[in-house]
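To start, the structure under review is shown below, and the notes come after it.
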Protein chains: 2
Amino acid sequence: MFRFGKPDSGECGAVNDSDEGAGRAGQSKRKDARRNNETLLDAAAAVFVTSGVEAPVRDIAAKAGVGLGTIYRHFPTRADLVIAVYRHQIEACAEAGPALLAAGPTPHAALGQWIGLFVDFLVTKHGLAAALQADSAGFEALHAYFLDRLLPVCTELLGAAAASGEIDSGLDAYQLMRGVGNLCIGADADPRYDARRLVELLVAGLRQPR
Amino acid sequence: MFRFGKPDSGECGAVNDSDEGAGRAGQSKRKDARRNNETLLDAAAAVFVTSGVEAPVRDIAAKAGVGLGTIYRHFPTRADLVIAVYRHQIEACAEAGPALLAAGPTPHAALGQWIGLFVDFLVTKHGLAAALQADSAGFEALHAYFLDRLLPVCTELLGAAAASGEIDSGLDAYQLMRGVGNLCIGADADPRYDARRLVELLVAGLRQPR
DNA sequence: GAGCAAACGGAACACCGTTCCGTTTGACGA
DNA sequence: TCGTCAAACGGAACGGTGTTCCGTTTGCTC
């Protein structure tokens with residue numbers, strides 16, 4: 001949330017606030033490098049919207065009017081590019097957790113709302129949920145980033161709900177997030193499948209039966 | 001369930017009972033063709049156990065000591081090979097449905113048990129659940145086969161449970177199966193994730209709150 | 001303006017599923 | 001027994017990935 005408030009292509013953030021944080025090139029000395037970084041983020045965001053996160057790297061390079069070498073220098077792996085594109089929204093999701101907990105009527109309600117936010121984010125990004133799979137080739141970094149950022153938040157919400165006695169405390173946040181993520185796979189591209197509904201059912205199943 | 005009761009490699013069925021049913025080559029006039037069909041099924045089953053269903057076709061051809069052309073003549077696509085390898089177990093799962101319903105204490109219990117069977121099957125086959133994804137490239141036939149065979153069974157169980165009033169009847173069998181399948185993705189290869197547990201939660205969430 | 005590290009572009013590589021086609025082989029009738 | 005020929009075979013080749021590599025260009029800095 002620094003600068004670079006470009007209108008940007010289509011739907012999502014895709015801006016590069018270059019606040020570093022994950023160890024990438026960040027701010028370069030050279031103007032063309034900085035410009036290309038931004039261009040790539042915008043191009044990637046646009047391509048992700050139309051072709052999904054699994055879109056060929058060449059498509060993104062072409063959209064950005066840039067060579068393949070350039071894209072790989074800025075983002076050593078596709079996962080790094082995805083992370084950079086969606087960082088803002090993931091950040092917002094993480095920050096919403098404590099806010100919901102403070103504002104919500106009960107911890108379980110806050111948990112449900114937060115998970116709803118998470119699901120909304122996942123299902124609107126074509127193929128993102130599938131890419132989150134820990135073992136999906138080349139996306140380990142994406143998996144790790146989501147966990148690093150969102151797992152503590154989910155743990156807090158889950159802990160609060162368990163402490164209030166609303167919830168069967170036997171499930172850890174990792175499994176819950178993994179399950180929710182899995183349920184979102186393929187939610188786009190299949191009108192017969194409503195991931196939100198199934199996630200609701202899962203969260204409902206979390207309640208203490210007594 | 002005809003003949004060819006070979007011991008077969010390692011774990012699962014992998015036998016070719018050549019009862020047709022899906023329109024494949026079935027029984028050839030030539031001995032070598034029949035032998036290769038069986039050899040391929042065994043080799044594929046063995047490779048699937050060690051490398052998962054996404055194993056390269058070349059690996060299977062090598063294991064079988066056969067050319068690439070041969071494998072593609074017997075099984076036009078990788079999905080057809082997977083279907084052939086697991087057909088017996090899918091069949092058994094389908095047949096277990098009505099049996100459980102007849103024997104079980106309540107329809108909801110039968111549904112739970114049947115889904116347990118389904119989950120056990122999925123999580124023991126590396127990557128099968130992920131391949132079931134409708135849009136996973138090249139596996140549409142696999143998706144369709146599972147649906148054709150198991151959806152009616154699930155519909156029956158779900159309908160019975162809804163009729164008995166144990167269950168919120170708002171969810172159709174397709175969504176339930178899709179959700180369960182999704183929850184099983186990556187269940188192997190991640191000891192921190194217990195798909196069975198989450199599926200139980202999902203099924204529990206299905207119960208009427210009142 | 002000269003020099004040089006940094007950034008660039010895209011050919012090349014390794015791997016994938018799949019197709020294609022020249023070669024081999026097994027069944028069957030003479 | 002042997003000739004015939006459709007059927008089956010093997011694997012090179014194709015189109016498509018992600019990623020690496022390196023010769024060339026470019027923007028800073030002095």
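In the text below, chain A, chain B and the rest are named by the order of the sequence lines, each starting its count at 1.
- Out of dT19(C), dG18(D), dA12(C), the shortest distance to the side chain of Leu68(A) is found at dA12(C).
- Residue Phe75(A) contributes atom CZ, which lies 14 Å from atom P of dT19(D) at whole-angstrom precision.
- Rounded to an integer number of Å, the gap from His74(B) NE2 to dG10(D) P is 9 Å.
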Output one letter per nucleotide in nucleotides 23-30 of chain C: B when a protein non-hydrogen atom lies under 4.0 Å from the base, S when only the sugar-phosphate is that close, - when neither is. --BSS---
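- In this structure, Lys63(A) does not pair ionically with Asp42(A), as no charged nitrogen and carboxylate oxygen lie closer than 4.0 Å.
- Using a 4.0 Å cut-off, some side-chain N or O of Asn36(B) falls inside it from OP1 or OP2 of dC9(D).
- Put simply, CD1 on Ile185(A) and CG on Leu132(B) are 11.5 Å apart, with the number rounded to the nearest 0.5 Å.
- For the OP1/OP2 pair of dT18(C) and a distance below 4.0 Å, the side-chain nitrogens and oxygens of Thr77(B) include at least one atom meeting the criterion.
- Atom OG1 of Thr39(B) sits about 13.5 Å away from atom CD1 of Ile60(B), to the nearest 0.5 Å.
- The phosphate of dC9(D) has OP1 or OP2 within less than 4.0 Å of a side-chain N or O from Arg73(B).
- A donor N or O paired with an acceptor N or O is found under 3.5 Å between the base of dG17(C) and the side-chain atoms of Arg58(B).
- Taking atom OH of Tyr72(A) as the reference point, atom P of dA7(C) lies 19 Å away to the nearest angstrom.
- When rounded to the nearest whole Å, the span between CG of Asp59(A) and C1' of dG18(D) equals 13 Å.
- The closest side-chain donor-acceptor pair between Tyr193(A) and Asp188(A), if any, does not fall under 3.5 angstrom.
- What separates CD1 of Ile71(A) from P of dA7(C) is a distance of 16 Å, to the nearest Å.
- If you check every strand for non-hydrogen atoms under 4.0 Å, Ala79(A) touches nothing.
- When the side-chain nitrogen and oxygen atoms of Thr70(B) are compared with OP1 and OP2 of dG10(D), one or more of them lie within a distance under 4.0 Å.
- The residues Asp120(A) and Arg196(A) are annotated as salt-bridged, a charged nitrogen and a carboxylate oxygen being separated by less than 4.0 angstrom.
- Using a 4.0 Å heavy-atom distance criterion, Ala62(B) is classed as making no nucleic acid contact.
- Sorted by first and then second residue, the pairs that involve residues 137-149 of chain A and meet salt bridge (Lys or Arg N to Asp or Glu O under 4.0 Å), not counting sequence neighbours, are Glu91(A)-Arg149(A).
- Aromatic ring orientation, Phe146(B) versus Phe118(B): tilted (interplanar angle from 30° to 60°).
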